[in-house]
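Letters go in sequence order (proteins before strands), and every chain restarts at 1. In what follows, every heavy atom counts, from backbone to side chain, and hydrogens, waters and symmetry copies are set aside.
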Number of protein chains: 2
Amino acid sequence: MSTATVSRALRGLPNVSEATRLRVLAEAARLGYVPTPSAASLATGRTRTIGVLTPWVNRWFFANVIEGAERALRDLGYDVLLYTFDVRRTSSRRRVDPSVLRHRVDGTLVVGLPLDDDEVRSLVGLARPLAFVGSGPADQVTVRLDDVATGRAATRHLLELGHRVIGHITGVPDLVSSWSPPVERARGYVRALEEAGIVVEPDLEVNGDFDVAGGRESTAELLRRRPDVTAVFAASDEMAMGAILAARDLGLRVPEDLSVVGVDGHDLGELVGLTTIAQDAYQQGFDAALLLLEMINGAPVPESLTYPTELVRRGSTAPPGAGG
Amino acid sequence: MSTATVSRALRGLPNVSEATRLRVLAEAARLGYVPTPSAASLATGRTRTIGVLTPWVNRWFFANVIEGAERALRDLGYDVLLYTFDVRRTSSRRRVDPSVLRHRVDGTLVVGLPLDDDEVRSLVGLARPLAFVGSGPADQVTVRLDDVATGRAATRHLLELGHRVIGHITGVPDLVSSWSPPVERARGYVRALEEAGIVVEPDLEVNGDFDVAGGRESTAELLRRRPDVTAVFAASDEMAMGAILAARDLGLRVPEDLSVVGVDGHDLGELVGLTTIAQDAYQQGFDAALLLLEMINGAPVPESLTYPTELVRRGSTAPPGAGG
DNA sequence: CTGTTAGCGCCTTCAG
DNA sequence: CTGAAGGCGCTAACAG
């Protein structure tokens, strides 16, 4: 029997009689035969692998998106190649160099990673399907929240409680990209303030690096600078929890002296009574992976999917001076 | 110029004159040439890729180990292929079938995934370096805590505070493997009780699925069954936080009515005042990756690395009945 | 130091 | 429906 017939049988192609197919399958199983992916990939140009680019895996949003995407891809026989690009306020991250992805992935999923125009261009230059989760450039397929609306809703919640001096803890430096979620949430924050006729003061915004420690430090700095702040909107729950720690460090009570609202719907939000705008990160990862595979299969896909959010009111927000 | 010379120049092999090497490098840069990994892999049998097998990515320990490993591997030019195998109490997980790894990875890192003997055997059968993080079979390279000592230390902390009826929230079903961290932590728990002359009661142990929701449910069940419990040792911080939620659901105060101690040193532990046995998960992932690469390079490596832990006392533990 | 020659294992085209 | 042949892009061994 020729290798060509075996190859056809194993891949379920037509033009193989049922008898030979069964014979091949049986023999392959008996021998424990496993195809060599690099040979297949060399011959076909396809890798059955998706590159996932993300700044971190140990943060709520990112971990859940990655897990959702991995499950979807695995179910459909695709492997996941993980690339992290640590993003910090203090140091600029390593540039995304897509040449490492060339001939290595059939598609790329960018998870919550703000890219500059050059980086996007170079990814597009790979000529492979590309999708973004969290946010992405306007002309690319993106699975996301309406981040402006999210920032606006969080800020309005605080305004409706009666707050007038509201701080904002944002995520990454806005130098890189004009379309990262923190940038858009900050826009929503500004818009809500303007709609309420409140003058927006730049020194009410600080950068919290998207984690607990960063939220804590930046909130401490904010409260030192502006002791008149009565509420804080953090662009993620982890930073919001850092803000609560900072308040506690300074002897302030939450929510009596400081109201705090976050974004995410973190598993531990309930435990600390955190008011938040909840989203489903796992599902976004799962669906983005499916979209990407459809693109690979040449199916038409929507330009973007926008996911719902929900304000979850808990004990970390209250009218200013509620307790004294 | 021949392809062989180009190949040698690009890979920095000897036997190439400096002049030609520079010429090759310049031309490659000009053309934007990128080698095709599948072709190299087909020719050499090596892939410069490491498979990372883990039950979850959205849990503190796992996310941090993965991130540490990814950073170490990336720095040394290796790619990370991520495979998750969801482990739950309710349903048995998909078996680990290493045939998908054959010809695809140069080594495998198993992160906190309890495997049965057959699965370990089949991984060993790949004839590629293999390392475990969290725990592993006795005869394999493992980066880990002393989990028995960890369970014992946590339980002793509760005993020293005066507790006598101490529940334990463990992680995964112990059906699969005899060497998972939760199993060993439970052993430490039992040993500490025995050393204190306390009769070990099986109905004081419940399974919390290693996450917040599971810790909450199983603690609720435990407290319903055994209202005399005054303290709980959870095998992870996330389950411990679930235990605190369960206590609160039942109107119990922590620590007055119920003391809770966990394991990990979760970023949010301080916020909720959780007493814990802290470990450095990121570093374990990082070091395990380095070990694996040394094995790939044929260097001798220690059979196992044991990491230190530290008891962090916070407000979630106190003598029984401390407040009333 | 450089070039030539065989493959690595699979897939695709074309004959039969 | 099946077989033969060529080639995917690179590396290893050997000549020169």
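- Atom CZ in B:Arg104 sits roughly 20 Å away from atom P in C:dC8 (whole-Å rounding).
- Rounded to the nearest 0.5 angstrom, A:Trp60 CH2 and B:Asp267 CG are separated by 15.5 Å.
- Residues A:Ala43 and B:Ala39 both approach DNA chain C. Their nearest nucleotides, taken by heavy-atom distance, put B:Ala39 toward the 5′ side.
- Of the side-chain N and O atoms in B:Ser7, none sit less than 4.0 angstrom from OP1 or OP2 of D:dC10.
- In this structure, a donor-acceptor pair under 3.5 Å is absent between the side chains of A:Tyr307 and A:Asp146.
- Here D:dA12 presents its C1' atom at 13 Å from CG of B:Leu42, a figure rounded to the nearest Å.
- Rounded to whole Å, atom P of D:dT11 lies 12 Å from atom CZ of B:Arg48.
- Rounded to the nearest 0.5 Å, atoms CG (B:Asp86) and CZ (B:Arg93) are 10.5 Å apart.
- Residue A:Ala4 is in base contact, counting any heavy-atom pair closer than 4.0 Å across all strands shown.
- Proximity of the aromatic rings of B:Phe132 and B:Trp179 is defined here by a centroid distance below 6.0 angstrom, and this criterion is met.
- Against DNA chain C, the stretch residues 15-24 of chain B makes heavy-atom approaches under 4.0 Å through B:Asn15, B:Val16, B:Ser17, B:Thr20.
- A:Arg8 comes within 4.0 angstrom of a base, heavy atoms only.
- Side-chain atoms of B:Ser38 and B:Ser41 form no donor-acceptor pair, as typed in the model, at a separation below 3.5 Å.
- In this structure, CG of A:Leu13 is placed 8 Å from P of C:dT12, rounded to the nearest angstrom.
- Which of D:dC10, C:dT12, D:dA12 sits closest to the side chain of B:Ala40 comes down to D:dC10.
- Rounded to the nearest 0.5 angstrom, B:Leu82 CG and A:Leu81 CG are separated by 10.0 Å.
- Within the structure, a side-chain polar atom (N or O) of A:Arg11 is placed less than 4.0 Å from OP1 or OP2 of C:dT12.
- The residues B:Arg71 and B:Glu67 are annotated as salt-bridged, a charged nitrogen and a carboxylate oxygen being separated by less than 4.0 angstrom.
- Checking C:dT4, D:dG3, C:dC10 against every side-chain atom of B:Ser2, the shortest atom distance belongs to C:dT4.
- Of the candidate nucleotides D:dT11, C:dT12, D:dG3, D:dG3 has the atom nearest to the side chain of A:Thr5.
- Between the C1' atom of D:dC8 and the NE2 atom of A:His103 lies a distance of 10 Å, rounded to the nearest Å.
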